[in-house]
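Written below as structure tokens is the structure these notes are about.
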Amino acid sequence: MMSIRVFTLVFALGAGLAALAGVVGGHAFVVEPGMADSIGPIVFVVAVIGGLGSLRGAFLASLGMGLLQTFAVALDIRYVAGRGW
Amino acid sequence: MRARLMNLVPLSHTLAFWMTNGLAGLASGLLLFMLSAGLTLVFSLMGVMNFAHASFYMLGAYFAFAIGDRIGFWPSLVLAPFVVGFDRRLRRAPRQRRHARARSDCRVAVHVRPGLSDRRDGQACLGPVATDRDAACHARRTVVRSVRRSVSALSRIHDGRVDRHAGGPDTRAQAQPYRSRDRGRPHAPRGCRGARP
């Protein structure tokens, strides 16, 4: 019974963290039913890159993923030299 | 002259470009970290990969929208995570009321009114009287059963893990009768079971 309560509390804590991100993300992006689909795969990628279950790895991977996503849009780099693409 | 130079220098050589996009990327990454921290927490402590984690993100945004619309942003920043985290606990009382109502509907249709009863054609009939509330009850039961089955499949995984590690006899006792009840019974109409204690 105790373990179930601990499980519930930890799960609630995790859901609360996600909701805290949602409060910020809802103001930063669009609040829509599909916002879970837009960010969910990225979160899994971050959790996997950081090593499943490692908080420090998740931190580094999420910073890297955020920078990568931003600079992939901002930078105008081409891999192949020449005019146009 | 200056304008021509600005045109010639690529944007990516300016400090402002790197500062702006670096900070934007940092903000985006910290948002991602908040999400993946919850996912990592649940996975590392409980061993459950929560595929609905991003849906909690969406729920948080919606609750923040609803709460912040009424009492402002800062209260919503505190309240919305609590509402999402303890969503099930907050909804327990209305859900139990709903279950009790469903059960009483079914008992009226199946259990309480068996025996001699008045039908429209005047004939007395023996046995349970089929009403259209039976159909509603059956549909409700089907939905409840399918939801419960998926939940119990998930909790069975979880129970196995808990039993292996902590060895709680009470969790086993709680899971066992529910499992046998769910499998063994035939499909015949029966009263809606109430909320599991």
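In this text, all values refer to a predicted model and were calculated from it rather than measured experimentally. In what follows, every chain begins at residue 1, and chains take the letters A, B, ... in the order their sequences are listed.
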What part of F51(B) gets closer than 4.5 Å to chain A, counting heavy atoms only: side chain, backbone, both or neither?
both
Any side-chain heavy-atom pair of L32(B) and Q69(A) under 4.5 Å:
yes
Can you tell which part of L30(B) gets under 4.5 Å to a heavy atom of chain A, answering side chain, backbone, both or neither?
both
Part of F43(B) lying under 4.5 Å from any heavy atom of chain A:
side chain
Between G26(A), G53(A), G57(A), which residue shows the highest count of heavy-atom pairs closer than 4.5 Å to chain B?
G53(A)
Taking the six-membered ring for Trp and the full ring for Phe, Tyr or His, determine whether the centres of H27(A) and F65(B) are under 6.0 Å apart.
no
May I have the step-by-step check of side chain to side chain contact (heavy atoms under 4.5 Å, CB included) for F44(A) and M49(B), ending in yes or no?
CA-CA 10 Å; F44(A) 278 110; M49(B) 200 59 180; 3.5 Å; yes
With a 4.5 angstrom heavy-atom cut-off, is it the side chain or the backbone of V46(A) that approaches chain B, or both, or neither?
side chain
Any idea which of T20(B), L41(B), V42(B), N21(B) has the most non-hydrogen atom pairs under 4.5 angstrom with chain A?
N21(B)
From CA spacing to verdict: side chain to side chain contact (heavy atoms under 4.5 Å, CB included), L9(A), F86(B)
CA-CA 9 Å; L9(A) 278 178; F86(B) 294 98; 4.1 Å; yes
Side chain, backbone, both or neither: which part of L35(B) has a non-hydrogen atom closer than 4.5 Å to chain A?
both
At a heavy-atom distance under 4.5 Å, which candidate from A80(B), S36(B), G68(B) has the highest pair count against chain A?
S36(B)
Considering only heavy atoms from C-beta outward, does the side chain of V43(A) approach that of Y57(B) to under 4.5 Å?
no
Give me the atom names and distance for the closest heavy-atom approach of G66(A) to S28(B).
CA-OG, 3.8 Å
Highest number of heavy-atom pairs under 4.5 Å with chain A: which of S44(B), A61(B), G38(B), A64(B)?
A61(B)
Ranked by heavy-atom pairs below 4.5 Å to chain B, first place among L63(A), V73(A), V23(A) goes to V23(A)
Validation row: V31(A), M58(B) side chains within 4.5 angstrom (heavy atoms)
no
Side chain, backbone, both or neither: which part of F59(A) has a non-hydrogen atom closer than 4.5 Å to chain B?
both
Passes side chain to side chain contact (heavy atoms under 4.5 Å, CB included), L75(A) versus F17(B)? Steps please.
CA-CA 9 Å; L75(A) 280 176; F17(B) 170 83; 3.5 Å; yes
